S.K.: 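Structure in structure tokens, see below.
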Amino acid sequence: MPRKPKELSIEQHFVDEMKKAFPTAQLHKYEIRRSEPDRICLLPGGRCVFVELKRPGKDLREEQVRAAKRLHDLGFECFMANTQRYRDWE
């Protein structure tokens, strides 16, 4: 049975792909407190995106959904990403 990728390998894949797509972007770990998204991505054109990285098949915990909603209510884009798909929390 194949092993599922660890979140760290998913995070590295995400960073590599974002750097390819947006070479001038700034990607930062967002370690403010538990339940907040893993990454804050400052993209060209003044776009700021928060991203929670998950293993395939894992869902957001309830407190992570609440944290994303708070950021979304402030006008920020929040996404969950894994190696299989990228989807908006809304």
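As the structure is a prediction and not an experimental result, all values here were calculated from the model. Hydrogens, waters and symmetry mates are skipped; everything else that's a heavy atom, side chains included, is used.
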S.K.: Within the side chain of E17, is there an N or O that forms a donor-acceptor pair under 3.5 Å with the backbone of F14?
M.R.: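 No, E17 side chain to F14 backbone: no donor-acceptor pair under 3.5 Å.
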S.K.: Which pair of non-hydrogen atoms, one from L27 and one from V15, has the smallest distance, and what is that distance?
M.R.: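 Closest approach of L27 to V15, heavy atoms only: CD1-O, 4.0 Å.
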S.K.: Whether the side chain of D38 engages the backbone of E52 through a donor-acceptor N/O pair (distance < 3.5 Å, no angle test) should be reported.
M.R.: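 Checked: no pair found.
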S.K.: Of the non-hydrogen atoms in S35 and A67, which two are nearest, and what is the gap between them?
M.R.: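 Closest heavy-atom pair between S35 and A67: O-CB, 3.4 Å.
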S.K.: Would Q26 and C41 count as a side-chain contact (heavy atoms from CB on, under 4.5 Å) here? Give the steps.
M.R.: CA-CA 6 Å; Q26 294 185 26; C41 305; over 6 Å; no
S.K.: Per the side chain to side chain donor-acceptor pair (under 3.5 Å) rule, which among K54, K69, E36, R34 passes with Q64?
M.R.: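 Result for side chain to side chain donor-acceptor pair (under 3.5 Å) with Q64: K54.
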S.K.: Show your working on side-chain contact (heavy atoms from CB on, under 4.5 Å) between L53 and M80 and close with a plain yes or no.
M.R.: CA-CA 6 Å; L53 298 154; M80 183 183 89; over 6 Å; no
S.K.: If you round to the nearest 0.5 Å, how far is NZ of K29 from CZ of R39?
M.R.: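 Interatomic distance, R39 CZ to K29 NZ, rounded to 0.5 Å: 5.5 Å.
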S.K.: When rounded to the nearest 0.5 angstrom, what distance separates SG in C48 from CD1 in I40?
M.R.: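 Here the interatomic distance stands at 4.0 Å.
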S.K.: Are F50 and F79 near enough that their ring centres are under 6.0 Å apart?
M.R.: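 Judged by ring-centre distance (under 6.0 Å), F50 and F79 do not meet the cut-off.
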S.K.: Between K20 and D16, does at least one N-O distance fall below 4.0 Å, as a salt bridge requires?
M.R.: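 Not counted as a salt bridge, because no side-chain N and carboxylate O are separated by less than 4.0 Å.
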